[in-house]
Every structure is written in structure tokens, then in C-alpha cells.
K.L.:
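My questions all concern the structure below.
These numbers come from the heavy atoms of this one structure, side chains and all, not from hydrogens, waters or symmetry mates. We name chains A, B, ... by the order of the sequence lines, and we start the count at 1 in each one.
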Number of protein chains: 2
Amino acid sequence: MSKRTEKTIVDIAEELQLSVSTVSRALNDHPNISARTKERVKKVAKKLGYRPNALAAGLRNNKSKTIGLIVPRISMFFPATISTIIQNKLQEFGYNLIICQSNDSYEQEVALANTLYSARVDGLVVSTTLYTTDFSHFDVFRNNNIPLVFFDRVPKDYNVKVIKGDDYRGGYVATTHLAEKGCKDIVHISGPLTCCLYSDRVAGYKAALQEQGLPFKKSRIFYQELTRENAWQTCEKIFGQQPYPDGIFAANDTTAITIIEYCRKHGLRVPEDVKIVGYSNDPRTEIVTPSISSIDQYPGMMGERVVAVLMELINGRQSAEPRYSQEIIPIQLIERQSSAGKSKTGKKKLTLS
Amino acid sequence: MSKRTEKTIVDIAEELQLSVSTVSRALNDHPNISARTKERVKKVAKKLGYRPNALAAGLRNNKSKTIGLIVPRISMFFPATISTIIQNKLQEFGYNLIICQSNDSYEQEVALANTLYSARVDGLVVSTTLYTTDFSHFDVFRNNNIPLVFFDRVPKDYNVKVIKGDDYRGGYVATTHLAEKGCKDIVHISGPLTCCLYSDRVAGYKAALQEQGLPFKKSRIFYQELTRENAWQTCEKIFGQQPYPDGIFAANDTTAITIIEYCRKHGLRVPEDVKIVGYSNDPRTEIVTPSISSIDQYPGMMGERVVAVLMELINGRQSAEPRYSQEIIPIQLIERQSSAGKSKTGKKKLTLS
DNA sequence: TAAATTAATGCAAACGTTTGCAATAATCCA
DNA sequence: TGGATTATTGCAAACGTTTGCATTAATTTA
């Protein structure tokens, strides 16, 4: 029965008594082909329901018109937002995007890098695992001059194009803000230090403390994977013994939200007893009560820069370009109730008009 | 300089003085190849840094080991969760996933279907646009026996594999719940009726009203794209004139959350003055105050069924299988504060242990 | 009108695999 | 020990495109 249903350019060629090369060129609007021929070819192509085979073209051209993306997980606000932007932007350039999630597993990340290479993606965009410290699985891309861009969670000491947030500044601004609101004992809940993101924020936190004349105590930083469960446990640790901190800078919003819930449950008033600042400006920070101050990372800008750099790399003179460069996207503190001064109720920015 | 850096199986063959066929078979663990040869081949492959070219293999085999996914947007909770599950599950089966978002634009959906076909995906999974009523852009897949599975937002009158939530029941359960809690005047904020999802929920809503002996009024249903902005406007309409409803069934959680915000701003007490039920059990419903009752759609189950059906289609005797079948995933009402009875405070389900 | 130029089309190889079939090498059995 | 069986390996075509170069057709020029 239906053995060979797929139409190819040779079917078109036969039908029109043309050579396949002419058909191919006609479909690609090659200047050497007469207008009449192009028209005839396209008409028959439509009639036969011809669909180009991207695999064949990709094999021949050595390019797949496909970009790979590896992120920890697409269900988290920040990577999800960026993925969306990257996807939509790439579409404009005629590129497909293969979105993959490493689930924060190093092994999966390695496996994904390999399959994406095998798929001969024309470029790779990565935000690494929390635990990736060896980046050699990306060597294939570097060595074969396949555009490689890292964002947000970027490598240390690995020469590639990097687009990251200003995490040092983020940590600094958040901490300074808490201090200015009167906090004297500021706890920081950080992610694992293997991830440069967090070490930068910690550095900003320390710098701010010093500048504010507040003592830095090692015991006032907690390092953990920033999940809901861990946040809750850490709260139990923090509020398990006196003295309680009067400010908490959480390195992500899930943690900040969980702190709010913990405080509510245990009768701690936010911001009166303890002030809180989160990170990423996840929309959830706005709907929780009290709403949470957070550091906005301009995901839109970051996503657009990622695509821009990638396209430059793909189209540009790749040998000329420096293989390494670092671009820093600014951050901005969004003040909400959770860190409002004791006197005022704090201004609530409503996104609705 | 670095002209031809990519190693192929012919490089391996040359190095070992073997034929390419032997090398190919060795790499694929073909039984006819001696253990010794396999070992030698694999060793040299590793040494040379050989990476299989999936494009070439795909072209030859007429299969790409890649699945396409089209969803409205991956930044929404429900599609995001399902995408994650599908991705991770497919990975186990050795399939790649190309995630694409239509941004709820029919034109984009059509374009995506075409490119994914060109990419020769081995299967396509779709949750359609709100406005897709013509499904002919998927004909190529049907006609060429490429597994095609729809979920959540599924077509009407288009013979394919369908996995959907029990939206009729969802509408019914939500409405009945509100009625049982004492609501006499229940407004329903629905999505556009072009999407079967919403028409089913509306049907459930009507059925419940009737069963509860409550009158159905056309003016008590609002049809709109379920965005934050629209929700706010609709609130202004609803509470712009008396009588106020005492219950609102919102067809998604973004809407439900916005209603809460509106009520808070305007001094309406939830659940005392008006009770609210949302849809999808978005995690945000849990962190907002008051927390929002919602209909859980078991995204995990749905995602797993999607992949299961897809794999059956890919591996199974596809001619035997009926091309059409519909599977319905159950729903469950999660009761929270927003619909608690006047006397009780309502039980709050905390996910934390 | 013939030679020269330009426009349009065709030939055939190449991209890197896989696989049916043929061929060879190794092993077995009587 | 020789024929038969089995275990390995190789040949060559095929998958559907694209493209450099050669060829033919159409047009221009002298």
C-alpha cells in the first residue's frame, strides 16, 4: 500500500521534465532560474504536497538551522522566561530551538550536550547545572567552531561567550537596602558556591555589610539548593534559636516565599520583625502577602542579548571575533512590602494600570 | 587550517583498515560483529573524538529520533509542567524534544507544524491555540502516518489521538462546590468558546446550576482571553453594578488570582462576600491570601499518558491502532480558603510535610 | 549572419549513515 | 579431510538535498 508517499524534488523534476538541480534552485529562488520556471516548479510543488526534507538539506549544507538550549528546568520562572524569549526571537531568524532541561544533573547535562552535538545544532545556548565545574563536555562545540553562548549560570575559567546578570551588584544592592531599612543582623540564604552566580551574590552581600559597618558572621550564611523544602528547614534552623535576624536576603524567590509562609505560620511579622528580599522578581513575589521585594534581572534583555550574540557568531566572521567575552546585564531592586521601613507601609507597585 | 575537522566513520574505517559497514555495525552493536572488532572500533572512535551525525542517520533511516511539541506558551504553569514531564520521559526513550510555542497565534501554529514536519520529527504533540478551528495544517502528519497526539486543548471533529482533562466534570465540580457552600449567584469567567476546553467547562457549569436548582443567566458568563488585564476589567464590570455575585468560577488561576487582588483592593471579603474557585491548581493559588480553591488537572498523569500513547504509536502496529481515540484524565477539586464555608475557616492543604 | 556574450538548465558528486546481499574466513561434523 | 554450516566482514546503493562546473539555448554585437 502506501509505501512511498513522501514527495521529493525528483518527483517535481519528473513531472515537469526538469533536472533536480533546476527544481532545487527554483525552490530556493536562485537568480539563474527564469521566473517562468520558478513559478511552474512552485505550483507543482504545492500540488504534490512537497515538503522539503530538512535532514537532507542539513546533511548537505552542514547546517541544521537548529539551535540547542540547555537549562536546568523550564518550570522555573527565570529560565522559562528566557527560553520563551529566545525561542520567539530565534523564530524570527528562521531557526528552530531544541529546549532541553538538565534537571540540575551534571550527567544529564553531559548527555544532552552530546545529543545536541549529534543533532548538529548550529549553535548551543547553556545555563549550567548548579554543580557543573568541569565544562569539557562543551569542548566539541568550541573545537568545531560551533557558536556557544552561556547565560545566567555561566562557567568560571572557561573561554566562551558569556552573558550574565550583575550578581555581585544584586547581592550588594539587596543587602544595602536591608541595612538602610534598619536591619542590623542580616542572614543570607545562598545557593551552592559551585555556581558562580551565588558566589558573586555572596561577595556583594559581604561588601555591603562591610560598607554599612555591620559585622560579617560566617554562621549567618546558609548554602543549599534553593528548594522549598530546604528553605523551610533552614527557617527552622534560623528561628530555632535566638537571636533572630532582622533581615534575610534570599538568593531566590522560592526561598523568600517560603520564609514568608514560615513567618506567617509562626507569628513573625514581616516586615516589622524581619525584612526579606528575594531574587529574580518572580511574579509570585507580587501576589503573596506581604509582597516581596526582589531583584529584577531583566530576563527580556538577557534573552535578547543571548540571541543577538548567537546570531553574530553564526553570521559573523567567527575567526575574527574573540571567542571569549563577557556581558553583564544590569539588575534592579523592586521594593515591596516585605522590606518596607517600620514607619511606612511600603509602596506597592501594582502592574495593573 | 581547520577545514575538515569532523571525524566520520570512514575515518575510523581507514584507521583500522576496515569497511565502513563494519564500523557502522560495530558502533551499533550489531550481533554479526565480533566482540574484538567492536572493542577496537569503539576505542578508535573515542580516540578520534568521533560523533555520530544524526542528520545523516536520520536521512538514511527516515527517522530523526526527535519529537515536536507545540504549546501555546511554556511560561504558563500547566503547559510548562507538562512539557517538562514529556521532555524528561522522552529522554528515557532516547528521543529529543523540540519545544515550540505558538503564542496562541494560529499563523504561528501553522508555520511551526510545517517546520516540524520538515525537520522530520518522528511524532508531534500539540496543545492548540485558543483560536484553532481549522486543523488541516496537521493533515501532513496524519496522511504520512506520523504519530500525532493532542492534549489539553484538543480539536473538535478531527480524528486523532486525544488526551484531555475532564473539563465538563471540572466545571460541574467547581460550580457544585460553590453552590454547596451556599452561593446562589455564581458568575463564570470562561475562555473563548472556540476552545473546546472552555465550552466543556461551561457545559459542566450549566449542568451543575440546573441540578442545584439555580437559574442560569447568560449575562453571568463572560468569555475572554484569560489574561490578568482582562480579568481586572471583567471584575470592574461585575462589581460595577448590583447585585454582586456571591460566587465566581474562573476558568483559570491567573483570573482567580486577579479577582482576589481586585477584591482586596475594593474591600470585598473572600470568602465571606464572594467565594472563588479557579482552574489548574497553579502553585500560585496556594501562596496567595486567601489561598484559592482550584481544580487540579493532574498534569503529571497527562504528560505520562501523552508519552505512552506516542510511544505506542511509534513502536506499535500503527495501521492496526485506531487513528482516533480519546482519553480523559480525571480532575480533582482542591479546597482552599477562597471557597470556605462561612462558619469554618476552611482547611488549608500545606504541601510541606 | 557568424561570433561572442549572457541566460538558463543539466550532470554528477557529495554530505555521513545504514543495510541487503555477496563474499570470505572460521568452525563444525561425519 | 572435505563439505557444510556458521561467524565475520565488505560492496555498493540508497536516503533527499545542494552546488561547481559543463552544457545548451537565447540574445546581443560586430
K.L.:
Applying side-chain hydrogen bond (donor to acceptor under 3.5 Å, both in side chains), can you list everything that pairs with A:Asp29, at least two apart in sequence or on another chain?
P.N.:
A:Lys42
K.L.:
One thing to verify: whether B:Arg305 and B:Glu327 come together as a salt bridge, which I'm taking to mean a side-chain N less than 4.0 angstrom from a carboxylate O.
P.N.:
yes
K.L.:
Pairs under 3.5 angstrom, nitrogen or oxygen only, protein versus nucleotides 24-28 of chain C, please.
P.N.:
none

K.L.:
Sort and list the pairs that fulfil ring pair (Phe, Tyr, Trp, His ring centres under 6.0 Å) and have at least one residue in residues 86-134 of chain A, not counting sequence neighbours.
P.N.:
A:Tyr106-A:His137, A:Tyr117-A:Phe141
K.L.:
When you measure from every atom of DNA chain C, which of residues 36-51 of chain B have a heavy atom less than 4.0 Å away?
P.N.:
B:Tyr50, B:Arg51
K.L.:
By a strict heavy-atom criterion of less than 4.0 Å, which residues belonging to residues 111-124 of chain A are in contact with DNA chain D?
P.N.:
none
K.L.:
Check whether the ring centres of B:Phe138 and B:Phe150 lie less than 6.0 Å apart, and answer yes or no.
P.N.:
yes
K.L.:
Taking side-chain hydrogen bond (donor to acceptor under 3.5 Å, both in side chains) as the test, write out the residues that go with B:Lys65, two or more places apart.
P.N.:
none
K.L.:
Tell me what B:Leu55 touches on the nucleic acid: a base, only sugar-phosphate, or nothing, going by heavy atoms under 4.0 Å.
P.N.:
nothing
K.L.:
Rounded to the Å, how far apart are B:Ile33 CD1 and C:dT18 C1'?
P.N.:
12 Å
K.L.:
Please give me every residue in residues 57-68 of chain B whose heavy atoms get under 4.0 Å of an atom in DNA chain C, ordered by residue number.
P.N.:
B:Ala57, B:Arg60, B:Asn61
K.L.:
Tell me whether the side-chain N/O atoms of B:Thr22 come closer than 4.0 Å to OP1 or OP2 in D:dT8.
P.N.:
no
K.L.:
Mind checking B:Ser21 for me? I need base, sugar-phosphate or nothing, with any heavy atom below 4.0 Å counting as a touch.
P.N.:
base
K.L.:
Salt bridge check: are B:Arg36 and B:Glu39 linked by an N-O gap of less than 4.0 Å?
P.N.:
no
K.L.:
One thing to verify: whether B:Asp104 and B:Arg73 come together as a salt bridge, which I'm taking to mean a side-chain N less than 4.0 angstrom from a carboxylate O.
P.N.:
yes
K.L.:
Would you sort out whether A:Asn114 and B:Arg51 count as a side-chain hydrogen bond (donor to acceptor under 3.5 Å, both in side chains), showing the intermediate values?
P.N.:
CA-CA 8 Å; A:Asn114 286 326; B:Arg51 306 287 169 146; 2.4 Å; yes
K.L.:
Pairs under 3.5 angstrom only: tabulate donor-acceptor contacts from the side chains of residues 55-63 of chain B to other protein residues two or more places apart or in another chain.
P.N.:
{"residue": "B:Asn61", "atom": "ND2", "partner": "B:Ala57", "partner atom": "O", "Å": "3.3"}

K.L.:
For A:Leu18 and C:dC11, give me the distance from atom CG to atom P, rounded to whole Å.
P.N.:
11 Å
K.L.:
Does this structure show an ion pair linking B:Arg120 with A:Glu6, if we count only N-O contacts that are shorter than 4.0 Å?
P.N.:
yes
K.L.:
My understanding is that only residues two or more places apart in sequence, or in another chain, count here; which of them pass side chain to side chain contact (heavy atoms under 4.5 Å, CB included) with A:Ser325?
P.N.:
A:Lys161
K.L.:
Using the ring pair (Phe, Tyr, Trp, His ring centres under 6.0 Å) criterion, which residues pair with B:His30? Sequence neighbours excluded.
P.N.:
none
K.L.:
Does A:Ser102 form a side-chain hydrogen bond (donor to acceptor under 3.5 Å, both in side chains) with A:Gln108? I'd like the steps, not just the answer.
P.N.:
CA-CA 5 Å; A:Ser102 61; A:Gln108 281 199 53; over 6 Å; no
K.L.:
If every non-hydrogen atom of A:Glu109 is compared with every non-hydrogen atom of A:Thr132, which pair is closest and at what distance?
P.N.:
OE2-OG1, 3.1 Å
K.L.:
Using the C1' atoms of the five pairs at each end, what is the angle between the end axes of the helix from C:dT1-D:dA30 to C:dA30-D:dT1, to 10°?
P.N.:
50°
K.L.:
How long is the line joining CD1 of A:Ile9 and P of D:dT19, in whole Å?
P.N.:
11 Å
K.L.:
Of the options C:dT9, C:dT17, D:dG10, whose atoms approach the side-chain atoms of B:Ala56 most closely?
P.N.:
C:dT17
K.L.:
Provide the closest heavy-atom pair for A:Leu124 versus A:Leu116 in the form atom of the first, atom of the second, distance.
P.N.:
CD1-CD1, 3.5 Å
K.L.:
So does A:Lys47 pair up with A:Asp11, basic N to acidic O under 4.0 Å?
P.N.:
no
K.L.:
Hey, mind stepping through B:Thr81 and B:Thr84 against side-chain hydrogen bond (donor to acceptor under 3.5 Å, both in side chains) and telling me if it holds?
P.N.:
CA-CA 5 Å; B:Thr81 310; B:Thr84 301; over 6 Å; no
K.L.:
Could you tell me how far apart A:Asn53 (CG) and C:dC15 (P) are, to the nearest whole angstrom?
P.N.:
18 Å
K.L.:
Distance from B:Leu112 atom CG to B:Leu69 atom CG, nearest 0.5 Å?
P.N.:
10.5 Å
K.L.:
Give, ordered by number, those residues of residues 23-32 of chain B having at least one heavy-atom distance below 4.0 Å to an atom of DNA chain C; if nothing qualifies, reply none.
P.N.:
B:Ser24, B:Arg25, B:Asn28
